[in-house]
Number of protein chains: 2
Amino acid sequence: MPTIRDVAKRANVGIATVSRVLNSSPSVSDETRNAVLAAIEELDFTPNPIARQLSTGRTSTIGVILPYLTMPSYVERLRGVQHALAETDYHMVLFSVGKPSERDAYIKDLPRNNLVDGILIISLPPDDSQAERLANADIPTVLVDAYHEKLCCILTDDVKGGKLATQHLIDLGHRRIAFLSEPLETPFHPSTKYRYQGYRQALLENDIPFRSEYVISETRGRFKAKKMAKKLLGLPEPPTAIFAGNDTLAIGILDRAKDLKIKVPKELSVIGFDGIRDAEYTNLTTIDQNLFESGVEGVHMLLKALEAAPSTPCERRLSLDLIRRKTTKKVKV
Amino acid sequence: MPTIRDVAKRANVGIATVSRVLNSSPSVSDETRNAVLAAIEELDFTPNPIARQLSTGRTSTIGVILPYLTMPSYVERLRGVQHALAETDYHMVLFSVGKPSERDAYIKDLPRNNLVDGILIISLPPDDSQAERLANADIPTVLVDAYHEKLCCILTDDVKGGKLATQHLIDLGHRRIAFLSEPLETPFHPSTKYRYQGYRQALLENDIPFRSEYVISETRGRFKAKKMAKKLLGLPEPPTAIFAGNDTLAIGILDRAKDLKIKVPKELSVIGFDGIRDAEYTNLTTIDQNLFESGVEGVHMLLKALEAAPSTPCERRLSLDLIRRKTTKKVKV
DNA sequence: TACTTCTCTGGAACCGGTTCCAATTAAAGA
DNA sequence: TCTTTAATTGGAACCGGTTCCAGAGAAGTA
């Protein structure tokens, strides 16, 4: 592999000049520039990015820490990140997290080891000491779908979203509203819990008594949702509407309803949460939390922070949009 | 940031000794080792990986080139890669490709610029000159779901899979078998075309006349599949079975059948291809091409190549498994 | 005791870029 | 004609590790 010194020798110039040509510095005469370019061409020279990285201290790489791609929402966010990053010169290193210990290890090491210029953490809220560490590092960090007062973040208000979903059902006249979700307590992001809080708040504000038999929260995945939906729909007084903690679960409920020949939305209203692609295909009414956009915005915020570190943590709240499709309807009286 | 020299000074040893401690070389006395470790602790020193990379020429990083995560099969393969890589010390840099020009750029630059120790290319077959370049680079490359004689690869035999799927339907007594798929000609991987070839071959071998009205191949996504299924099922002599080019399309067909009150599998058999998770949930009979495993195996092959470059391209063919679920059945006579 | 061998250790060179700083030359101004 | 100034250029130091090689002691051997 030829180096910058080989090029310099060949072009009869100094190494500094070659470097200047590589970095398109204006203070090189056309004549020398051409000579250097010719030498580069002849030697088929490519600058070694690692050497540049060591020298400049910049890596042109951003690190993305996110959970294993087990949920469509993570994938959709990652897609947004990729999309936004494709238009820059930054590379992306992926650190995917299966257990809390992995998360902690990445969050601990990444800010210190000069491997990346910036960090994007998706759907993994750091604890106070981690946030402290991240905030004090000289590498900027942006949280996507997570909040900490010390850090920049792209936020989704899950409580509000849960309220919005529930209120939509209430506005349609429903009173028997069930909530079906993944476990409320997770090692990672507590978004489900927040959505549940929104559900409770909406009930409270509308003077609708809470019924514990209407809440099932140990439901992982579409298949399980289908199973659990049966339980809900088999109650002596079954709900007329179900708010699912995410779209995948909602689709599972739709599956079951079809099997049970329960007409949606005529006999049962179903609303999801997330706004993944499948929700569109299945005509699911849902709360769209703009997943793709969250990734894009996360990158933009990080790029801004890379240019000039913000004096105070910036915060951007993404909109939550109720998308009315064909799975919710006025309750029949 | 403290450097190795700061540590050396603090511990009253030479920098070489500190380096030896960092790399757990055996030829350091316990006494000096402890002194160095103490100094490292006191200074909160972390070695700079970039400097190490420059010095050793190794980056502990592998580059993954793959299409944008628009299809579940890509995500599933990537998951496999992540899973296998998590058990190693390698990092993963993701290069995702939306247009052929991006693919070409990555394949051109990545092998030369010392940024990664190895390259994994997923579902993007290189042309001859690219393969040549990759084969001659001193960085090993492994193709996953793509073939080139000059390169190591993890293979799926799409023709065979297409045949397998079609033969399954034929064995069940079907004669009117449709094929619904994404476009046959794509800028990237021609797997759909191969599956189609398998379909044609199976028909031929069983003396079943080919009918062009049974082939619809411009179908992108579940939603479009639903639309196109209507067209197929509305034919004067509709097919009794449909082979879908991938699971997502098959699920779209199931949606439509439900809407049209066509009973699956009693009145219509449907088989997919891929073996994504949704296929399990929907009880779809499919050809499982072991997507997750392809990612895992790709990493293993690459790791092996990193240890010792294989003298001749190695090749591993993944099994294709017919998973009989509840969407195919003997045709009613 | 003298010599060899082995165990540890430190210095300096190296990886391949960037960049500060001083030097050279040409153009401009007095 | 003599400065002053601007435009180019090259050398050397630097980024922060690894590693070759030589040297100092300690231990083993004749």
Side-chain angles (χ1 to χ4, degrees), chain A residues 1-40 43-61 89 91 109 112-117 138-139, chain B residues 1-40 43-61 89 91 109 112-117 138-139:
Chain A
M1 275 285 186
T3 75
I4 204 174
R5 282 157 233 269
D6 300 322
V7 175
K9 210 167 288 172
R10 176 113 186 179
N12 265 316
V13 298
I15 52 166
T17 302
V18 177
S19 177
R20 276 187 276 262
V21 171
L22 289 175
N23 295 287
S24 36
S25 148
S27 63
V28 180
S29 73
D30 285 350
E31 196 184 355
T32 12
R33 178 184 312 278
N34 289 333
V36 171
L37 289 175
I40 288 176
L43 295 172
D44 192 21
F45 164 81
T46 318
N48 181 327
I50 304 293
R52 170 178 281 154
Q53 286 173 28
L54 178 58
S55 186
T56 59
R58 299 184 62 256
T59 60
S60 296
T61 298
D89 286 330
H91 295 137
D109 296 338
R112 309 197 63 243
N113 66 6
N114 301 92
L115 218 45
V116 298
D117 292 344
D138 28 43
I139 296 175
Chain B
M1 275 285 187
T3 75
I4 204 176
R5 283 158 232 268
D6 299 323
V7 175
K9 208 168 287 172
R10 177 113 187 179
N12 264 318
V13 298
I15 53 167
T17 302
V18 178
S19 178
R20 276 187 276 262
V21 171
L22 290 176
N23 296 288
S24 34
S25 148
S27 63
V28 179
S29 73
D30 284 351
E31 196 186 354
T32 11
R33 180 184 311 280
N34 289 333
V36 171
L37 289 175
I40 287 175
L43 294 172
D44 191 21
F45 164 81
T46 319
N48 180 327
I50 304 293
R52 169 178 279 154
Q53 286 172 28
L54 179 59
S55 186
T56 60
R58 297 183 64 257
T59 60
S60 296
T61 298
D89 286 330
H91 294 138
D109 296 338
R112 309 197 64 243
N113 65 7
N114 301 94
L115 217 45
V116 299
D117 291 345
D138 29 42
I139 297 175

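Every chain is numbered from 1 and lettered A, B, ... according to where its sequence line falls, protein lines coming before strand lines. Being a predicted model, the structure only gives us computed values, none of them experimental.
Leu43(B) CG to Thr3(B) OG1: the interatomic distance, rounded to the nearest 0.5 Å, is 9.5 Å. Atom OG1 in Thr46(A) sits 7.5 Å away from atom CG in Asp109(B) (nearest 0.5 Å). The line from CG of Asn114(B) to CG of Asn48(A) is 4.5 Å long, rounded to the nearest 0.5 Å. Atom CG of Asn113(A) is separated from atom CG of Leu115(A) by 4.5 Å, given to the nearest 0.5 angstrom.
Evaluation of the salt bridge (Lys or Arg N to Asp or Glu O under 4.0 Å) rule for Asp44(B) yields Arg112(A) as partners, not counting sequence neighbours. Annotation: side-chain hydrogen bond (donor to acceptor under 3.5 Å, both in side chains) contacts of Ser25(A) (sequence neighbours excluded): Ser27(A). Arg5(A) pairs by the side-chain hydrogen bond (donor to acceptor under 3.5 Å, both in side chains) definition with nothing, not counting sequence neighbours. Residues that satisfy the side-chain hydrogen bond (donor to acceptor under 3.5 Å, both in side chains) test with Asp117(B), not counting sequence neighbours, are Thr59(B). Every side-chain hydrogen bond (donor to acceptor under 3.5 Å, both in side chains) that Thr32(A) has, sequence neighbours left out, goes to Ser29(A). With sequence neighbours excluded, the residues satisfying side-chain contact (heavy atoms from CB on, under 4.5 Å) with Asn34(B) are Leu37(B). Arg20(B) meets the salt bridge (Lys or Arg N to Asp or Glu O under 4.0 Å) test with no other residue; sequence neighbours excluded. Partners of Asn23(A) by side-chain contact (heavy atoms from CB on, under 4.5 Å), not counting sequence neighbours, listed by chain and number: Ser19(A), Arg52(A).
Residue Met1(A) contributes atom CE, which lies 15 Å from atom C1' of dG17(C) at whole-angstrom precision. The separation between Asn113(B) atom CG and dC15(C) atom P is 19 Å, rounded to whole Å. Following rounding to the nearest Å, Arg5(B) (CZ) and dA13(D) (C1') show an atom-to-atom distance of 12 Å. Atom P of nucleotide dG16(C) and atom CG of Leu43(A) are separated by 14 Å, given to the nearest angstrom. Here the C1' atom of nucleotide dC8(C) and the CZ atom of Arg33(B) are 12 Å apart, to the nearest Å.
Inter-residue side-chain proximity for Leu22(B) and Phe45(B) is flagged as met; some heavy-atom pair is nearer than 4.5 Å.
Contact check of residues 20-29 of chain A against DNA chain C (heavy atom, cut-off under 4.0 Å) returns Asn23(A). Non-hydrogen atoms lying under 4.0 Å from DNA chain D are contributed by Asn12(A), Val13(A), Gly14(A), Ile15(A), Ala16(A), Thr17(A), all within residues 6-18 of chain A. If you check residues 46-57 of chain A against DNA chain D, the residues with a heavy atom closer than 4.0 Å are Leu54(A), Ser55(A), listed by number.
Residue Thr32(A) places at least one side-chain N or O closer than 4.0 Å to OP1 or OP2 of dT9(D).
Comparing the start and finish of the helix from dT1(C)-dA30(D) to dA30(C)-dT1(D), five pairs each, the helix axis swings through 50°, to the nearest 10 degrees.
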